[in-house]
Amino acid sequence: MSARLLCAFAAFGFSLLFAPLAPGIINRVKAVIAGRQGRPLLLLYYDLRRLLRKEALYPRCSTFFFRLAPAAGVCAGVTALLLVPFGPLGSCAGFSGDFVLVAGVFAVARFTLMTAAVDTGSAFEGMGAAREAFFSSLAEPVLLFCLAVLCFRAGVYSLAAGMGSIPAAAWFNDATFYLTTGAALFLVLLQENCRLPADDPDTHLELTMIHEVMILDHSGPDLAFLEYASALKLWTFCLLTADMFVPLAGGPLFDAQGALLPGAGGRAACSVALTFAGAVAVAVLVGLVESVTARFRMERVPQICALAGGFICLAALAYWRTS
Amino acid sequence: MTFSLPFDPLYTALSIVVMSDLALLGAERPRLCIRLIAMQGLLMGLMPLAAGKSGVNLYVLGVCAVFAVIKGMVLPWLLRRTLHRLPPLAAPAPYVGHAACVVLGIFGLTLSIWLGRRMGIAANPLFSEVFPAGMATMIAGILLMVTRREILSQMFGYLVMENGIFLLGSPMAEQSSLWLELTVLLDILGAAFVMGIAVHHMSRAFDAVDADHIASLRD
Amino acid sequence: MLLAGAVYSLFRVRSAEDAAGIRLITAPASLFACCVACAALWTGARESLALPLPLPLGECRFALDPLRSAFLIPTFLLAAVASLVLPGRLSAMDEGMDYGRHGFFFCLLAAGMVLVIQAADGPLFLILWEIMSLAPFFLLVHNDRRDKELPGTGPEQPDGAGGRHGVPAVVSVVPVVPAVPVVKGTTALNPGRHGDIGGEPGSPAASDAGFAGRIYLIAAHLGALFLLLAFACWETGAAGGPEVWTPARTRLIFFAALIGFGAKCGLFPLHVWMPEAHTAAPGHVAVLMSGAMLNMGVYGLVTTLRLLGPGDPLFAYVFMGAGALSGLFGILAAAAQSDMKRVLAYSSAENMGIILIALGACLLALQHDAQQAALLAAAGALLHVWNHSLCKSLLFLTANAVKESLHTTLIPRLGGLQKRLPFTGACFAAGSAAIAGLPPLNCFLSELLIYLGLASGAYATRGTEAALVFMAAFFVLGSISGMSLFTFTRLYGLTFLGLPRSGDGAHAREPDAALRAASAFLALLCVAAGLAAPLMFRLVRPALLFFTGNNAPQTADALAFIEELLPRYTCAALSALAVFALVRLANVRAGRAPRECGTWACAYPYGNARMQYSAASFALGLVLFLKPLLRPRISVPAIRALFPGAAEAGFSAPDRPTELWIKALFLPVAYAANKAKALQHGLLNIYILYILIALTAALVWALGISS
């Protein structure tokens, strides 16, 4: 196993471990801005432990699909993290075309979650499923197009090559392109992870919820898995956005065989730290956005996707104009 | 001393102009529109500086300042004054929705970039640089004028279109043409005054600023 | 090749006999033929055969090449599947029908498709095309005896179907075409027939077979008319030499073929027959029609492209435009339907659109010499043809099982079927997930290749207009697949999950063993075809090279690129499955002894089946958002009294193209025909007078004017 792959797997393990930190960071930022002390940073870890010790309850009318959703969600997050590069370390299992698979595994997670929600036979959960189906059907093309534009701009078709190590010179030469793409990606992050202004993760009003209302009937370990899955998804998106905004100064770090180039060790450590800091910064940014915006009215939520679509179209046009 | 920015100032400014066009097409609140127009106006004022290759002298600087003040401050101030005088009613829904307007604006941008490429290299290379943004701004302005129902928004469209024309003219920024631009600008200033007064009177007459009411005056 | 002929004769021999007999012979035979076609494709075999026949036909030439083999495979496969389930379906239908005739036309349809693919000259192709097109009509209307006596569908048809006598069915096109619109104009305007009443369970939205048969016949014949035009142009052009062969003629052929074949594969504005016909058709016929017959349209388009060559850039743009239109509107309409089979039918229009986008991308890439993009897009298109056949036939089979069991396919009346029909439900779920393009199932693979082809094309042609088109196509394809996930989540979730919306569904029972075996077989194929990506690509490779041409170094590079990517995709998919298994295991272990309880739903204890989110409410958000495109009819009752009574709100998504065609084409024809009735007195002497006038006029024209 080459040095690069080893590092990539280490980063993958690191991501799995630290993903539940992201919601904690967001909440802490919101609390600080509102002048409160806020919940503990590690609250999600405690919650997961507590939930895992409980027993699972299943609605009487539910079927296999209801039980499938938690595992499918976690599996989607794990698979996506295997494909999404951790900065210049690259990904563990990337291949040409992996950006489609990343969108695909999240689609699978959504499909199972929506069917699980409908499976309960409850009006509330059906409502949540309908909204999720509608909004995510708008977000999916934008996400795919964001990733694709980033990839084929560099003439490559894998995320690791297209996003993981964007050279700093290229980044600054075409800041308009990268900023608009980043804006689109960030908006998709808000939409897909059910953050404000698309959805309020802290709300307690069933009529306005999207994601939280779909998991009303999951309990115990199932709920823990679902919470962990959404943390993984959030972390994946933070990582993607951070990859996009943290360009790589200097030349490549690894040679074709994946061995570390002589003298690149310091830079590698530095860029890994930068990527991690970038992902945390994205989480902080989400917290800031949540502090200053109110939730959109339900019929306005598609406008977030429309805005993201507008940004990515601008980016594509900028690319087309300069190419 | 040479100082180089990590990005191209002209290109960045043009990108911001284009984005503000789209934001104008999508914006629903007149207050936001006025802010965007003010920002565009300030950028327009800087444009001869960014585009001018002939070097910066006191004269160009002065004219730029005048542009920036009129486009970025006086006109927005006038607009805001008109807005304040209007009754605080919800704007009537536009003929074409805001989201659809943005989509049309993106199409306009695509079209203008395409036309710019088709045109090839113009005699003045700056013109090719500026053309897509200028054209897109013009299209956005026309779209605003055509699709909005209320007079104030139509006026925004008029100003945006004028900005587009100004952008297209900015590469030819020499002393004489700057004078010409200045006179045009003063005309517009006058027009904005008249428009403001007209809107004021109209809102008193009809209790609304819906352009459809003007249609009722035709016979 | 010879074997195909043998199979054909087998079909014919057995056709008159008992239905169960058909299965015994046709199913293994076509399965065997399918394997042969696979082998032929694998080796890239090319053969041809000429049968000298007596004069009216002349020499019949048949050929086999990799492209034809690629289209033969799903045809044979689905013929096998359809004949496997045939007896069960027949016994489920009404008693009085003529099994022998049904079997005959069924086999005729299958054989016609096989031979259409293999026909190598124009007239033969058209004759077989007609046979293939007419057979479904009889399969559709067989159980609706009333309709057989209707004018316009009566006298001509037995002749046309009598392809058995070797009479060229083309002849029958001419008399039928003017006659049917009249029928259509007067009967088709049945309001609410092709509407979709959401949220209202009592509405009779199931279309009757007669209407479906008529609208199918009209569409098929109008399509054939355009094909006739295309072939006539082709033949005269080929005979006339280069001075006749102008670009304008090429374009005329192209557009005529696009309309003709497009009507067959259900491209958006021409899809009008599809929702009706697929809804009315019994399971085995729907399998053949949706899974195999639509492919014939694609095959025709591909062949036209091969004949005309990819020279004209217009072709690529038209293909991509038509594909985008069909894909977007198809999936939009599908998302708003409330009948399972109609959802599936509209989704066919969507998938044909995807295939067309991919073909157009391939053409565009070829013009810009981007071999990698061309190969990727063509591979995606061909695999999507196969994958769509698999998924769609699986879905139609299982939907048919629902229909037989519960006598309705209206989503507002269904729900909670997964508990009662676990096997059918599982198969339907697999089909839905596959056709929605979820990894690791088969349609995801083809969509992955198409996405990559578009991205690669956008890179290879960067800086030109083509790049813009590629990027736009990418975005459109993304939107289509996003909405297809919406559509199929809604379809599966509302039909099979939750609580039953009407009745308790106690009488629901699983279908017979043959249908279950067929569904399981297709579902397994869906999974396997998705996972065995390198194998699938190796299988279509000869057909790809045959289509795109071999441009030595570049093609080799592109092939190497794809052949490196696919195993890694399979690895990623398999490891994702392994991760899933592990996580699921952990989940089960953590769950200890799970208990069942009532649905909590925020502590609302009075929820019942009628309060669930309905088909209409699920789609409402999307429908309202895209109202300008979909133009639904929304009905909201006005509340007037203080204590309003029961009321129903809902929306219907009428098929606007159908209404448009009726308004633009058929009503004027019907009007003219009504007026023309004045000429028909029934008096012999007046008819003789007409003949005299006609003869004199012809004579005057021939001698006096034209010379």
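Only this structure's heavy atoms are used, side chains among them; waters, hydrogens and symmetry mates stay out. Chain A is the first sequence line, chain B the second, and so forth, proteins listed ahead of strands; every chain is numbered from 1.
- Contacts between A/Leu317 and chain C at a heavy-atom distance below 4.5 Å involve the side chain alone, from C-beta outward.
- For A/Phe134, the parts sitting under 4.5 Å from any heavy atom of chain C are the backbone and the side chain alike.
- For the atom pair CZ of A/Phe152 and CZ of C/Phe470, the computed distance is 10.5 Å after rounding to the nearest 0.5 Å.
- Taking the six-membered ring where the residue is Trp, the centroids of A/Phe65 and C/Phe496 are separated by 6.0 Å or more.
- Contacts between A/Ser137 and chain C at a heavy-atom distance below 4.5 Å involve backbone atoms as well as side-chain atoms.
- If you measure heavy-atom distances from A/Val78 to chain C, the contacts under 4.5 Å come from the side chain alone.
- The distance from atom OH of C/Tyr569 to atom OG of A/Ser96, rounded to the nearest 0.5 Å, is 14.5 Å.
- Distance check: C/Asn587 CG to A/Cys75 SG gives 12.0 Å after rounding to the nearest 0.5 Å.
- Using a 4.5 Å cut-off between heavy atoms, C/Thr487 does not touch chain A at all.
- With a threshold of 4.5 angstrom between heavy atoms, A/Phe135 does not approach chain C through any atom at all.
- In terms of heavy-atom pairs under 4.5 Å with chain C, the best-connected choice from A/Ala76, A/Ala103, A/Gly97, A/Ala93 is A/Gly97.
- In this structure, chain C has no heavy atom under 4.5 Å from any part of A/Arg321.
- The two residues C/Arg584 and A/Ala71 make their nearest non-hydrogen contact at CA-CB, 3.7 Å.
- Residue contact with chain A, scored on non-hydrogen atoms closer than 4.5 Å, involves the backbone and the side chain of C/Ala586 alike.
- Comparing C/Met483, C/Met471, C/Arg568, C/Glu447 by heavy-atom pairs within less than 4.5 Å of chain A, the highest count is held by C/Met471.
- Between A/Tyr157 and C/Tyr459, the two ring planes are perpendicular [angle over 60°; tilted spans 30° to 60°].
- Counting heavy-atom pairs closer than 4.5 Å to chain A, the top residue among C/Ala576, C/Ala590, C/Gly493, C/Ala455 is C/Ala455.
- More than 12 heavy-atom neighbours from other residues, nucleotides or ligands sit within 6.0 angstrom of NZ on C/Lys419.
- In this structure, the separation between OG1 on A/Thr120 and CG on C/Leu497 is 9.5 Å, given to the nearest 0.5 Å.
- If you measure heavy-atom distances from A/Phe66 to chain C, you find no contacts under 4.5 Å at all.
- With a threshold of 4.5 angstrom between heavy atoms, A/Ala129 approaches chain C through its backbone and through its side chain.
- Summarising the geometry, atom SG belonging to C/Cys597 is positioned 7.0 Å from atom CG belonging to A/Asp217; distances are rounded to the nearest 0.5 Å.
- Not a single donor-acceptor pair under 3.5 Å links the side chain of C/Arg490 to the backbone N or O of A/Ala130.
- Around atom CZ of C/Arg595, no more than 12 heavy atoms belonging to other residues, nucleotides or ligands sit under 6.0 Å away.
- There is no contact between A/Ser219 and chain C, counting heavy-atom distances below 4.5 Å.
- Note that CG of A/Asp119 is 9.0 Å distant from OG1 of C/Thr599, once rounded to the nearest 0.5 Å.
- Between A/Phe111 and C/Tyr492, the ring planes lie tilted relative to each other; the angle falls in the 30° to 60° range.
- Contact check for C/Leu448 versus A/Leu101: no side-chain heavy atoms found under the 4.5 Å cut-off.
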